Amino acid sequence: LISSAATAQSYYLGGSVGQSTIKLGTSSSDYNTTATSKTEGDTAYKLFGGYQLNSTYAIEGGYAVLGRASAKYTSGGVANGLTRQVTNNAWFAAMKAEMPLAYGVSAFGKLGATYAMSKSQITAASSAILNANCSKCADSKSNYNPYFGLGLEYDLTKSVAMRLEYEDFGNFGNSF
């Protein structure tokens, strides 16, 4: 992740690539199915910008593509070819507080809110299986969540920094 500001009272922009985890349930009462295999990790991307109010506080916001997760299902112990794929994205805004630790290194925390968007799509091996097991094969949901992040930042130069951070974009809901 690269950010282009290290001085007080300035704007900055950045981007990141990292690992996301999307936790899926093991069954769906809507379709009388049980998950037999799940893929819950994916690559995530984020673009962000902010304004450094002073040497301690900043306002930050951006957009994150949080990847996708999928699960294969059985019905009554029989493989029915149903697969669900869920994708998650979020807009976020937060206050960031930073504390210097050593020359060029600081710890930070972020607290704010996200507008979380989730899409679900169900596919099947055949249209007969899909029609028999799926009353709502595609769905989307959005909601607001609390958001927080923790990390370390290292100033490579006066205008370029690198971050290592953990972020939680909240619960995207259990509608899927």
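All values derive from a computational prediction rather than experimental measurement. All heavy atoms count here, side chains included; hydrogens, waters and symmetry mates do not.
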OG on Ser10 to NZ on Lys158, rounded to 0.5 Å: 12.0 Å
Flag, side chain of Asp168 to backbone of Phe148, donor-acceptor distance under 3.5 Å: no
Test item: Met95 and Leu53 side chains (from C-beta on) under 4.5 Å apart, heavy atoms: yes
Residues Val105, Glu153; criterion side-chain contact (heavy atoms from CB on, under 4.5 Å); working and verdict: CA-CA 6 Å; Val105 178; Glu153 187 168 286; over 6 Å; no
Pairwise distance CD(Glu98) to CG(Leu152) - rounded to 0.5 angstrom: 10.5 Å
Residue list, side chain to side chain donor-acceptor pair (under 3.5 Å) with Thr87, at least two apart or on another chain: none
Cluster link Leu111 to Tyr166, ILVMFWY, side chain under 4.5 Å: yes
For residues 60-67, which side-chain N or O atoms pair as donor and acceptor with protein atoms under 3.5 Å away, sequence neighbours left out?
from	atom 1	to	atom 2	distance (Å)
Glu60	OE1	Tyr12	OH	2.6
Glu60	OE1	Arg163	NH1	3.3
Glu60	OE1	Arg163	NH2	2.7
Glu60	OE2	Lys110	NZ	3.1
Glu60	OE2	Arg163	NH1	3.2

Common cluster, Phe108/Tyr154, ILVMFWY with side-chain heavy-atom separation under 4.5 Å: no
Among Phe169, Tyr144, Trp91, ring pair (Phe, Tyr, Trp, His ring centres under 6.0 Å) partner for Tyr115: Tyr144
From Tyr57 atom OH to Lys96 atom NZ, the distance as rounded to the nearest 0.5 Å: 13.0 Å
Test side chain to side chain donor-acceptor pair (under 3.5 Å) applied to Thr43 - qualifying residues, sequence neighbours left out: none
Exercise: identify the closest heavy-atom pair between Ser118 and Val86: OG-CG1, 3.4 Å
Nearest atoms (heavy-atom pairs only) where Pro100 meets Ser106: CA-CB, 3.9 Å
Atom pair CE (Met162) and CG (Asp155), whose distance is rounded to the nearest 0.5 Å: 11.0 Å
Approximate separation, where rounding is to 0.5 Å, of Tyr51 OH and Ile59 CD1: 9.0 Å
Gap between atom OH of Tyr45 and atom CG of Leu47 - 0.5 Å precision: 11.5 Å
Atom of Gly15, atom of Phe48 and distance for their closest heavy-atom approach: N-CE2, 3.5 Å
